[in-house]
Each structure stands twice: as structure tokens, then as C-alpha cells.
Asks: 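Got a structure for you, written out below as C-alpha cells; questions coming shortly.
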Amino acid sequence: MTEQQLDDWVSRLADEVIADAKSRGIKVVCASGISPSGPIHLGNLREVMTPHLVADEVRRRGIDCEHIISWDDYDRFRKVPRGIEGVDDSWAEHIGKPLTAVPPPRGSDASSWAEHFRRQLEGALADLGIRYRGISQTQQYTSGAYADQVIFAMSQRSEIDKVLDQYRTLQRADAPKPQQKLDADQEAAAAEAAEGSGAATEDDGATTSGYFPYKPFCTVCNTDFTTVTAYNDATAELTYTCRCGHTETVDLHTFHHGKLVWKVDWPMRWAYEKVVFEPSGVDHQSPGSSYVVGKQLAPIFGWERPIGPMYAFVGIKGMAKMSSSKGGVPIPAEALQIMEPPLLRWLYARRRPNQAFDVAFDAEIQRMYDEWDALARKVSQGAGQAGDVAAWTRAISTADGELPQTAYPVAYRTLASIVDITTGDEDQTLRIVRQLDPADPAPGLDALRPRLDCVEHWVATRMAPEDRTVVRTAPDEQALAGADREALRILLDGNGKDLSRIEDDWSLDGLTHQVYGVPKVQRGLAADQIVKGDKELSAAQRAFFKQLYQLLIGKDTGPRLPTLLLAIGPERVRTLLGG
RNA sequence: GGGCCCUUAGCUCAAUGGGUAGAGCUGCGGACUUUUAAUCCGUAGGUUCCGGGUUCGAGCCCCGGGGGGCCCA
């Protein structure tokens with residue numbers, strides 16, 4: 001099956017990319033650009049996963065290919081993100097500095113803001129089996145790697161300005177007059193939008209003294225609140241002034257303390273790295289966005305805009321209050337605490353880039369896992385449609401080999417329910433798990449990992465309180481008083497005939513026999529008598545079970561009783577059931 | 001005001017470069033002495049958002065419109 005070429009959206013993009021690289025006589029280079037300006041969330045992961053999947057498909061076909069990740073860590077620190085632990089308003093003093101010159105959140109041992117957030121992602125990328133070459137833009141710019149490109153861009157500034165100006169005037173001409181007052185919400189949203197990232201809102205380099213696509217960071221205060229006031233094309237000497245009062249003339253041949261504005265920086269790098277494939281988010285779809293403008297700017301640098309689908313946003317389903325108080329949207333590392341790498345890969349591989357999807361952190365994750373397990377079963381039987389098989393293959397493996405998988409996969413929801421009632425007790429967990437399939441019992445808990453670790457983390461941090469099973473610590477005397485005491489006595493002590501004391505066979509099977517036997521002997525039947533289609537008996541069983549759940553955990557329903565009893569233990573069961 | 005994406009069964013989505021619309025979940029029915037399930041089998045369910053056009057043939061391509069999402073101004 002691995003011999004056969006996969007057939008899905010990734011494969012079709014790879015066809016395109018390979019053909020393009022071939023026609024230009026170059027190696028396939030797929031690129032991602034990540035700005036470590038704050039937590040790099042699951043939406044940003046699409047920026048990495050999409051080129052990764054394409055690059056990986058190219059490699060699977062035995063064609064040389066590279067995936068680069070440009071860390072845009074020389075971007076300016078725009079604003080202080082809210083809700084990040086160890087960060088407060090005092091970080092505002094760093095606004096305008098390169099991200100690598102901003103201190104990391106308190107408590108981090110990273111060397112800078114950029115490194116702190118970059119490292120969080122790097123760990124997850126390793127777990128996900130993503131192979132790439134990381135390129136720090138700080139490193140590139142400050143080393144002078146782009147010096148020629150910077151000087152070239154400056155020499156082409158009127159050309160560049162002309163392109164950018166099309167959109168500037170277009171936007172003004174088409175802008176409708178504001179006809180109604182904005183309400184408070186709209187105003188706040190507008191302010192947020194104006195202040196926020198948004199490639200198109202970025203300063204494109206226009207100043208009152210002319211257009212310059214390069215912006216220096218001030219050598220005194222290290223911010224980019226600078227204005228270029230003069231430039232000499234013959235000598236590459238540039239003069240700037242800064243908000244802080246500093247003024248200086250520098251030679252761009254040797255001065256490497258600034259960067260091209262984003263809309264110019266991007267096309268320059270396409271050319272510099274010979275990028276053939278680089279997707280972008282839907283925020284680049286509007287006219288005047290860097291991706292649209294880049295199509296016209298790339299030729300100036302002797303390149304053409306790479307193939308680049310727009311990818312839709314990734315939503316998060318079921319963020320409990322804990323995360324909202326904690327502030328941000330979850331990052332890949334957090335997702336990997338509750339789901340295995342192949343599952344996360346699958347979520348990104350199964351949907352085409354233009355489809356939005358959600359990553360579930362709530363109980364929906366159980367359904368996701370059910371689907372995943374069903375897919376694995378289907379594929380192992382040789383069934384499944386082309387797209388399904390492709391997504392599954394991309395999820396569990398890369399061109400470099402297979403990712404670690406759980407040897408003995410038990411359904412996520414089953415494990416969740418077991419971990420919930422055993423509160424993580426390993427002996428009990430193992431005992432219950434081994435009962436699941438007596439014909440092929442789990443060899444040990446290690447065979448259940450890493451999925452079990454994910455489940456334990458999910459139960460501990462994400463399971464909804466109302467779904468949790470909380471065993472009573474003391475008997476509910478009132479409920480006990482109204483209970484069917486005879487039934488409880490038979491359950492605990494037997495009926496002196498075919499049901500014995502509950503402790504006598506304290507096993508899953510024994511307890512099953514016991515709990516189902518009680519309503520039968522109460523009705524004069526043998527405890528193990530086979531009864532078919534007796535509606536009354538069914539009703540009696542249900543009522544009896546409901547009573548037990550109430551006495552044990554204060555709810556009408558819960559985990560299967562034998563399992564629950566096993567987890568609670570005989571002494572506590574006797575206490576809670578009155579004797 | 002402009003742009004991009006989406007619109008298929010109750011829900012989530014498929015449909016190898018036009019060729020009789022399929023899965024999963026849910027629902028319903030049944031089996032299993034084993035719940036309100038952690039099993040298995042069966043089954044129902046669609047005017048493919050609407051209107052035109054191209055074609056022998058359109059879920060798919062073209063035009064117009066509706067609805068939803070997002071971006072920009």
C-alpha cells in the first residue's frame with residue numbers, strides 16, 4: 001500500500017509544486033513563516049503543517065525537497081498580548097523593538113520573547129515528526145546576509161512604491177463614508193483591528209520624506225520608531241531620525257540593524273530562498289495584502305510568487321473556563337498533552353486547507369478518537385476510500401518513518417471513564433483494562449501508552465465537572481432510608497442460596513452476576529436464570545441500578561456498575577450502601 | 001463598498017480532473033441472561049441553497065441571486 005501513490009489534496013499540490021520546480025530547474029523548497037510574537041497557537045500550526053505535508057509527499061516520491069521555517073523574530077514587538085503568565089503592562093516599554101530584543105515572560109529561561117515562544121512550538125514540531133530547517137530572521141538580517149537585497153530594494157523603491165500605491169489610492173477611493181456612529185463594541189473592535197497584527201495595516205514604508213522600504217532599529221533605543229530622512233543611492237548611506245531624538249547616518253553595506261518592511265521583506269525572501277510553495281492565512285486574501293502585493297513585487301527581485309493556497313482558520317472546541325482565565329488559545333504543546341501526535345497530524349491532513357475545522361478539547365475528543373480508531377480498523381482491513389487512506393498514512397508516518405503509536409489502543413472514552421472512576425490508580429486501571437477483552441488482555445499499562453497518558457491528562461484538566469464521577473465519602477442517610485433495603489442486603493450479603501456475600505467473588509464477572517441477580521431473586525427467579533424479553537424485570541433492574549448510582553455517586557447514571565464497584569472497593573461499598 | 005472561502009442526509013463530512021450522490025455519528029429496529037453501553041447486525045433518511053446557461057450527461061464548469069464565515073477599507 002505504501003508503494004502506491006497517495007491520492008488526496010496533498011498529493012495534487014505536490015504534483016503542482018514538483019512540476020513548477022522542474023520547469024524552473026530548481027529544488028523543491030516549501031516554506032513556512034512564523035512570527036513568535038506571542039503563543040503560537042493551533043491556527044498557526046497550519047502554517048507549518050501545510051508545507052510539511054506537501055514537502056513530505058515530495059520526499060515520499062524520492063524527490064529532493066526542503067522545508068524551511070522562517071522565524072520572523074526580527075519583527076517589531078507590536079503590543080503586549082493579554083493573559084500570558086509572567087507578563088504585565090510593563091512590557092509595553094519594549095514596543096517597537098525586535099522580538100529577539102524583548103525579555104521573555106518572567107520565569108522563562110529563554111533568552112528573549114521570540115525564543116520563548118519559538119521553543120514552545122519547536123518541541124511540538126519534534127513530537128509531530130516535522131523535519132525542517134529553521135531560519136532566524138534576526139540572524140539573517142544582523143549578519144548582513146540580506147545586505148545586497150536591502151540595498152537593491154532601496155534602489156527599486158520608486159518601483160515598489162508604485163505597486164503599493166495602487167492599493168493605497170484604490171482603498172481611499174473605494175472607502176465608503178462612515179455614515180453612522182460606531183457603537184462601543186464596534187469601536188473597540190476597530191481599535192483592536194487597527195492595533196493588531198494584520199499584514200495590510202502594517203506600515204509599508206511611506207514617509208513624508210519619500211518612500212523607503214527599509215526601516216532601521218535605532219541604535220540608541222533599539223526601537224523602530226525611526227524615520228528615514230535621506231538616502232544616497234550611490235553610497236548606500238542612509239540617514240534616519242528616531243523618536244528618542246537620535247539621528248544618525250549609516251552605510252547599508254555595513255549597517256545591519258534594521259529590516260525591510262514586511263510587504264517587501266516577504267517577496268525578497270521568496271527570491272532569496274527560492275521558495276516554490278508557501279501557503280498563507282485567509283487574512284491575506286484581500287486586495288492590498290502582502291500576498292497579493294507580493295505577486296507584483298516578487299518579479300522585481302527576479303522571482304515569482306510561490307504556489308500558495310489560502311488556509312482557513314482552526315477553531316477550538318470546548319474551552320473550559322480554566323483556559324479563559326488563563327488567557328490564551330491553546331498551543332500545539334497543550335493539544336499534544338491530550339492527543340497523540342498522529343491524531344493531531346490527522347486533523348490537519350484530512351481537511352483541505354480552505355476548510356476550517358475545530359480541534360476539540362472537550363468531550364468531543366472522544367468522538368474524534370472513535371473516528372480515528374474506526375479509520376485505523378478500516379485501513380488495516382484494506383478498506384477505506386483513497387482520501388481516507390492518504391490522511392491516515394500521513395498521520396501515522398512521514399517519509400522518515402512511522403511515528404510512535406499506542407500498541408494496545410483502548411477507546412479513548414473507555415479509558416477516560418476508567419481513569420475517572422479509578423482516579424488514576426494504576427493497579428485498578430490495569431485490572432479493569434485486562435477485563436475488557438479476556439481473549440486478548442492488555443499485556444500491561446505500558447502497552448496503553450502514550451494514549452493513556454493523554455487520557456489521564458484530559459481527565460485531570462479538561463473533563464467537565466458534571467461528567468466526573470465523584471464517589472460519596474459518606475453514606476447519604478436520607479436516600480438510604482428511602483431505599484429498597486432488602487435489595488441492598490441481598491446485594492451485599494446474598495440470599496443464602498444462589499447469591500453469596502458480595503466479597504466472595506470480587507471480580508468483574510462476579511459483580512456482574514451479583515448486581516443482575518438481585519432483581520431476579522427478588523422476583524423469585526434463580527440468580528443465573530436466563531430471562532428473555534421480560535419488560536418488568538428490565539424496569540426493576542433499571543430502578544435498582546439507579547438507586548445504587550444515587551447511593552454511590554449521587555447521580556442517576558454512571559459507569560457500568562461492576563466496574564464502578566470494583567473501583568470503589570468492598571469496604572467503601574458496604575459503608576455507602578448501609579452495611 | 002471591495003475581496004476570499006463555504007453551502008450535499010438531523011449533525012460532521014465524502015464523491016479518483018463532468019458519468020445513477022456515499023460514509024460516520026444520531027435516529028429507528030433487532031440480537032446478546034450484561035443498564036441509560038465499552039458489543040454486534042440491520043435499516044431509514046437528500047429537489048446536492050435557489051434561478052438560469054454550457055453539455056448526450058452537472059454536486060462538480062459558467063453567469064446571477066440567497067444564506068453563512070473571514071479579511072480589508
Side-chain angles (χ1 to χ4, degrees), chain A residues 4-9 11-12 15 43 167-179 190 193-194 196-201 280-292 309-313 315 317 350-358 360 364 366-368 370-375 377-378 383-391 410-418 432-433 435-437 508-509 511-517 519-520 525-534 537-546 548-549 555-564:
Chain A
Q4 203 178 347
Q5 186 157 305
L6 299 173
D7 183 14
D8 61 350
W9 64 268
S11 209
R12 273 165 244 158
D15 288 343
Y167 297 97
R168 287 198 284 258
T169 55
L170 188 80
Q171 284 163 9
R172 267 169 214 144
D174 286 357
K177 294 120 201 142
Q179 57 235 42
S197 58
T201 59
S280 56
V282 284
D283 53 325
H284 286 281
Q285 283 166 159
S286 44
S289 76
S290 44
Y291 185 75
V292 173
M310 303 282 179
Y311 54 83
F313 289 122
K317 213 167 191 176
R350 69 198 287 231
R351 301 267 181 256
R352 284 190 298 264
N354 61 12
Q355 290 181 284
F357 67 88
D358 291 332
E364 188 82 349
Q366 301 180 341
R367 206 184 58 78
M368 237 157 58
D370 283 346
E371 264 189 73
W372 169 244
D373 287 340
L375 175 63
R377 249 177 277 125
K378 202 189 283 181
Q385 299 182 343
D388 294 337
V389 175
V410 175
Y412 199 94
R413 67 172 73 251
T414 305
L415 285 179
S417 141
I418 293 172
I432 295 170
V433 163
Q435 303 279 356
L436 292 175
D437 184 3
L508 209 54
D509 279 348
L511 290 170
T512 302
H513 181 72
Q514 196 84 359
V515 296
Y516 283 99
K520 288 182 200 162
L525 302 166
D528 57 355
Q529 183 165 340
I530 295 172
V531 181
K532 280 193 172 185
D534 186 333
L537 179 61
S538 295
Q541 279 177 341
R542 201 163 303 150
F544 178 54
F545 292 156
K546 184 170 159 184
L548 290 176
Y549 284 123
K555 301 202 294 188
D556 282 353
T557 65
R560 292 181 65 149
L561 278 171
T563 316
L564 181 61

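Chain letters run A, B, ... following the sequence lines, proteins first and then strands; every chain starts at 1.
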Asks: In whole Å, measure the gap between the C1' atoms of B:rU8 and B:rC60 for me.
Replies: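 These two C1' atoms come out 11 Å apart once rounded.
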Asks: Let's test your reading of the model: under 3.5 Å, does the base of B:rU33 pair with the side chain of A:K520 as donor and acceptor?
Replies: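 Check passes, donor-acceptor contact within cut-off.
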Asks: Quote, to the nearest angstrom, the C1' distance that separates B:rG2 from B:rG22.
Replies: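 About 39 Å, rounded to a whole number of Å.
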Asks: Both distances under 3.5 Å, Watson-Crick or G-U wobble: report the partner of B:rA15, or none.
Replies: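 Its partner is none (no Watson-Crick or G-U wobble pair with both distances under 3.5 Å).
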Asks: When the C1' atoms of B:rG59 and B:rC49 are considered, how many whole Å apart are they?
Replies: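 Pairwise C1' distance, B:rG59 against B:rC49, rounds to 12 Å.
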Asks: Sticking with atom P, work out how far B:rC62 lies from B:rG46, rounded to a whole angstrom.
Replies: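 It works out to 29 Å between them.
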Asks: If only atom types and distance count, is the side chain of A:E371 paired as donor or acceptor with the main-chain N or O of A:M368 below 3.5 Å?
Replies: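 Flag not set: sc A:E371 to bb A:M368 has no pair under 3.5 Å.
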Asks: Looking only at atom P, what distance separates B:rC13 and B:rC6, rounded to whole Å?
Replies: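 To the nearest whole Å, 13 Å.
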Asks: At their closest point, which heavy atom of A:Q366 faces which heavy atom of A:A416, and how far apart are they?
Replies: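 Minimum heavy-atom separation between A:Q366 and A:A416: NE2-CB, 3.6 Å.
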Asks: Given atom CZ of A:F544 and atom P of B:rU35, what is their separation to the nearest angstrom?
Replies: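 Whole-Å distance recorded here is 15 Å.
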Asks: Identify the heavy atoms of A:W9 and A:R351 that sit nearest to each other, and give their distance.
Replies: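 Of all heavy-atom pairs spanning A:W9 and A:R351, the closest is NE1-O, 3.3 Å.
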Asks: Under 4.0 Å between a side-chain N or O of A:Q355 and OP1 or OP2 of B:rA14?
Replies: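 For A:Q355, the contact criterion (side-chain N or O under 4.0 Å from OP1 or OP2 of B:rA14) is met.
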Asks: Looking at B:rU35, does its base get a donor-acceptor pair with the side chain of A:Y549 below 3.5 Å?
Replies: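 Per atom types, the contact qualifies.
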Asks: If we call it a pair only when both distances are under 3.5 Å in a Watson-Crick or G-U wobble match, what pairs with B:rG1?
Replies: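 Pair assignment: B:rG1 / B:rC72.
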Asks: How many Å lie between OH on A:Y291 and C1' on B:rG3, as a whole number?
Replies: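 One finds 15 Å between C1' of B:rG3 and OH of A:Y291, rounded.
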Asks: Return the value, rounded to whole Å, for the distance between atom CH2 of A:W9 and atom P of B:rG17.
Replies: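 These atoms are roughly 16 Å apart.
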Asks: Quick check on RNA chain B: between A:N354 and A:F357, whose nearest nucleotide comes earlier from the 5' end?
Replies: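 On the 5' side of the pair lies A:N354.
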Asks: Distance between the P atoms of B:rG29 and B:rA23, in whole angstroms?
Replies: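 Looking at atom P only, B:rG29 and B:rA23 are 22 Å apart.
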Asks: Taking N or O atoms only and anything under 3.5 Å, show me the protein contacts with nucleotides 38-40 of chain B, one pair per line.
Replies:
from	atom 1	to	atom 2	distance (Å)
B:rA38	O4'	A:T414	OG1	3.3
B:rA38	N6	A:T563	OG1	2.7

Asks: Using atom CZ of A:R350 as one end and atom P of B:rG24 as the other, report the distance to the nearest whole Å.
Replies: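 That distance rounds to 14 Å.
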Asks: Ignoring the backbone of A:R352, work out which of B:rU36, B:rA15, B:rU35 is nearest its side chain.
Replies: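 The answer is B:rA15.
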Asks: Please give, in whole Å, the distance from B:rC25 C1' to A:M368 CE?
Replies: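 After rounding, the reported distance stands at 15 Å.
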Asks: In whole angstrom, give me the gap between the P atoms of B:rG42 and B:rU26.
Replies: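 Their P atoms lie roughly 16 Å apart.
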Asks: Just the rounded figure in Å: distance from P of B:rA37 to CG of A:D370.
Replies: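 Nearest whole value for this atom pair: 13 Å.
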Asks: Decide if the gap between the ring center of A:Y549 and the ring center of A:F544 is smaller than 6.0 angstrom.
Replies: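 Ring-ring flag for A:Y549/A:F544: false, centres at least 6.0 Å apart.
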Asks: What is the distance from atom OH of A:Y516 to atom CZ of A:F545, rounded to the nearest 0.5 Å?
Replies: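 Output value for this atom pair is 4.0 Å.
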Asks: May I ask which nucleotide in the shown strands pairs with B:rG64, Watson-Crick or G-U wobble, both distances under 3.5 Å?
Replies: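 Base partner found: B:rC50.
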Asks: Return the pairing partner of B:rU35 with a 3.5 Å limit on both distances, Watson-Crick or G-U wobble; otherwise return none.
Replies: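 Matched B:rU35 with nothing under the 3.5 Å cut-off.
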Asks: For B:rC40, give the paired nucleotide (Watson-Crick: N1-N3 plus N6-O4 or O6-N4; G-U: N1-O2 and O6-N3; both under 3.5 Å), or none.
Replies: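 Across any shown strand, B:rC40 pairs with B:rG30.
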Asks: Give the rounded distance in Å between these two atoms: CE of A:M310 and C1' of B:rG3.
Replies: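 Distance, rounded to whole Å: 10 Å.
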Asks: A:Y516 has an atom OH; how far is it from atom C1' of B:rC32, in whole Å?
Replies: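 From A:Y516 OH to B:rC32 C1': 11 Å.
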Asks: Pairing check on B:rU20: which nucleotide meets the Watson-Crick or G-U wobble criteria with it, both distances under 3.5 Å?
Replies: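 Matched B:rU20 with nothing under the 3.5 Å cut-off.
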Asks: Of the candidate nucleotides B:rU35, B:rC13, B:rU34, which contains the atom at the shortest distance from the side chain of A:L561?
Replies: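 For A:L561, the side-chain atoms sit closest to B:rU35.
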Asks: Minimum heavy-atom separation for A:D370 and A:A411, please, with both atom names.
Replies: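 Nearest heavy atoms, A:D370 then A:A411: OD1-CB, 4.4 Å.
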Asks: With a 3.5 Å limit on both atom pairs, tell me what B:rG59 is paired to, counting Watson-Crick and G-U wobble, or say none.
Replies: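 Its partner is none (no Watson-Crick or G-U wobble pair with both distances under 3.5 Å).
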